[in-house]
Trainee: 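Structure in structure tokens, see below.
Note that the structure is a prediction, hence the values are computed from the model and not measured.
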Amino acid sequence: MLPFQIDENQHLEDTRELIRKNIAMLEARVDQVHQETEELNDRITPRDRELNSQMSQQLTIANALLAHTRNLLRKNVTAFPAPYFGRIDYREEKTGSEEVYYIGKNGIQHNDRIVVVDWRAPLAKVYYENELGKSSYEVPEGDPIRIDLVQKRTFDIENGTMNGWYDSDVAANDELLVKYLAKHKDAVLNDIIATIQKEQDLIIRKDPYHNLIVQGVAGSGKTTVALHRISHILYNYAHRYQPEHFLIIGSSDILLTYIASGLPDLDVNGVLQRRMDLFFQEELYEDWKDSFEIIPESSANAYKCHLPFALALDKWLEKAWLRLLRPRPVVDEELGEILSRDQVYDLLNYRRDWSLKRIENLLNQTLEGRVKMLTDVTSDAAVFKKMRALRTKKLKEYGKYYHNLENWNDVRYIYQLFLKDYSETQGIDTSETMTRVSLGQLSVYDLAALVLIRHYFTEDEPAPVFGQIVIDEAQDFGEAIYYYLKKLQKDCYFTIMGDVSQNIHFEMGMNDWQAMTKAIFKEERDEFYRLQKSYRNTIEISRFAGRILQKAITDQDAGTYQIEPVIRHGDPVKTVRVKENQMIAEAEGFFDKAVLNGHRTGALICRNQETAEELREILMVMHPEWFRDAAAEKEEAPGFNLRVLAVRDAKGLEFDAVLLWETDTENYPDDPKNAKLLYVGVTRALHVLELLSSHEMTKLVAEN
């Protein structure tokens, strides 16, 4: 009878013994397959690969088998210290069978028997989302399976030792969750799968055929949820999606590096990552002949960042496209009607997504075929000679009949035509943008607009379309960017993660989601989620950040979302003012204390990049042991790792101990824009936070 009575300590040891056997077996298999692959590779010469496809195919299969075996070995090695974190006991209503399953970060099998269920498997959803009692879980593209859930248990296992377990109606109850969150950053990342909450799991497991917009407060796990969603889709929809079908877009190289570091642990490899501006730059390469410089967008040109500009550009381009390709018959004095208006219309009607260049090529090819048909030769020699001469003449005459592209082959020129028209019709000064475009100085918004123009007029072939695009820190970009993306990637599904409270670009970025949800992602397959609970900061840091955020709220800024912190207490936030010549010593003391308290990651966050670079050079000389490369972080005893960076580059990152540098009235004036900037810096801290200044402390924290 359920629940099954199991000696949990013995079960853990038995499971680890099976994994130990798996590891020994897989290590031997890896050695064997590796040796066989090497021998096969030595036997096959480059000439063999060209002439003998069978031998090349054997080598491809051998390499794939080796990679698969190594991956299984990695999973078992990773699982050995803590094979699972959850258990479910249930009765299946249809069959009456009684089942008990253990849930872990890695699915483990032994002799074709499931020992641990992978967290991504449909069954694992029961652990994360279902309450005790009658419920069901869904199998991708299958009928729901109805069950009676009798027990849900969460384990606390470290290095092969059972510290205890908790029976609960929800996954990862607060007691265990707070214990995980109290650890240093590296430990939290390792344990996150065990503590995924129901509201996060709903997003992760949503089928891939939806566009998702997720508003998540600082520390709500947006990046983690996005990466787990990729892993879940690849695991459950392998017949539809491969890693190369995914694209992760971020606003900075630092953020993308941080994201990339978490992918291998989730069994995700080969997913493309791009900074937003570089994504559009690559899309433009085919048409761009001159060198150009990518520049930040100016707040004076914020009009380009928002939806009205993108809509106006798209409408203007479509009108120009239709005007240049309006259906009209092609009539010749000698041949008569070569192409009727209806024939031209039919060609255009099914190719509304084609560029002017592609359609003109098609129309010219069609004209060529029609001319050849109308001048088809006969058996009569005299007629034959006459028609061949006529054919040659008419092919030359109509070879480039459609040639509007000669005046519409420069995307930059077309963009300037639109900017001039937009200025005249909307009364907006576009002169600065026009000057910069002529000099080849382009912002991400200019690049995106040029790619849309290329799509309408000059592309030779359609740009590659991804199956899934994931965008992190989405609030860094105005809604115009998302209009362009959706227009250019019609068959793609988007997962868009952001927090409007962290929009440090203010005039240019996303201050609310209304335009996105009402005008761009507004179909039945589009869904909006909120993650308002923060798992990153202590209560003290969350409340401190919340008071700063209150000062960022304006009448127009209706999209600000408050943090609901998990109950985890820590040290009070400190605001410290010292003399200018004591600043470095205060920073040394702060991070020395962090090291002594066992913290592994720290950040010194500055107002700008120049200050960050200067301080990094000073501290690297004074404390080189605090600065280690990424490989060192994975060592068994990693020590302490310090990052010195500008606040704009800190978005999306988190650290055990954070020191904010020169948080004075000059660097952080008392206004909504700087309140959001300071809020970003403050919410990077997991456990310890200090604001340091040699001048009057910013009034944004005066009441804190």
Trainee: A side-chain contact here means heavy atoms from C-beta on lying under 4.5 Å apart; do Leu227 and Ile248 qualify?
Mentor: yes

Trainee: Under the side-chain contact (heavy atoms from CB on, under 4.5 Å) criterion, do Leu677 and Tyr668 qualify, and how do the steps go?
Mentor: CA-CA 8 Å; Leu677 200 64; Tyr668 296 94; 4.3 Å; yes

Trainee: Are the side chains of Val595 and Trp626 in contact, using a 4.5 Å heavy-atom criterion?
Mentor: yes

Trainee: Is it the case that the side chains of Gln532 and Ser220 hold a donor-acceptor pair, with the cut-off being a distance below 3.5 Å and no angle test?
Mentor: no

Trainee: Just by modelled atom types, is the Leu645 backbone N or O under 3.5 Å from a matching donor or acceptor in the Gln609 side chain?
Mentor: no

Trainee: Is it possible for you to check whether Lys486 lies under 6.0 Å from the centre of the six-membered ring of Phe521, through NZ or CZ, and within 45° of that ring's axis?
Mentor: yes

Trainee: In terms of side-chain heavy atoms, does Glu666 have a donor or acceptor partner in His695 at a distance below 3.5 Å?
Mentor: no

Trainee: Can you see whether Glu473 engages Gln475 through a side-chain donor-acceptor pair at a distance of less than 3.5 angstrom?
Mentor: yes

Trainee: Checking Arg436 against Ser298 for the side-chain contact (heavy atoms from CB on, under 4.5 Å) test, could you report, in this order, the C-alpha distance in whole Å, the side-chain angles of both residues, the deciding distance, and whether it holds?
Mentor: CA-CA 11 Å; Arg436 289 185 173 182; Ser298 165; 4.0 Å; yes

Trainee: Which label fits Phe466 and Phe279: parallel for a plane angle under 30°, tilted from 30 to 60°, or perpendicular past 60°?
Mentor: tilted

Trainee: Can you tell me which residue among Val682, Asn674, Val680 is in a side-chain contact (heavy atoms from CB on, under 4.5 Å) with Ile548?
Mentor: Val682

Trainee: Quiz question: by atom type and distance under 3.5 Å, do the side chains of Thr601 and Asp656 form a donor-acceptor pair?
Mentor: yes

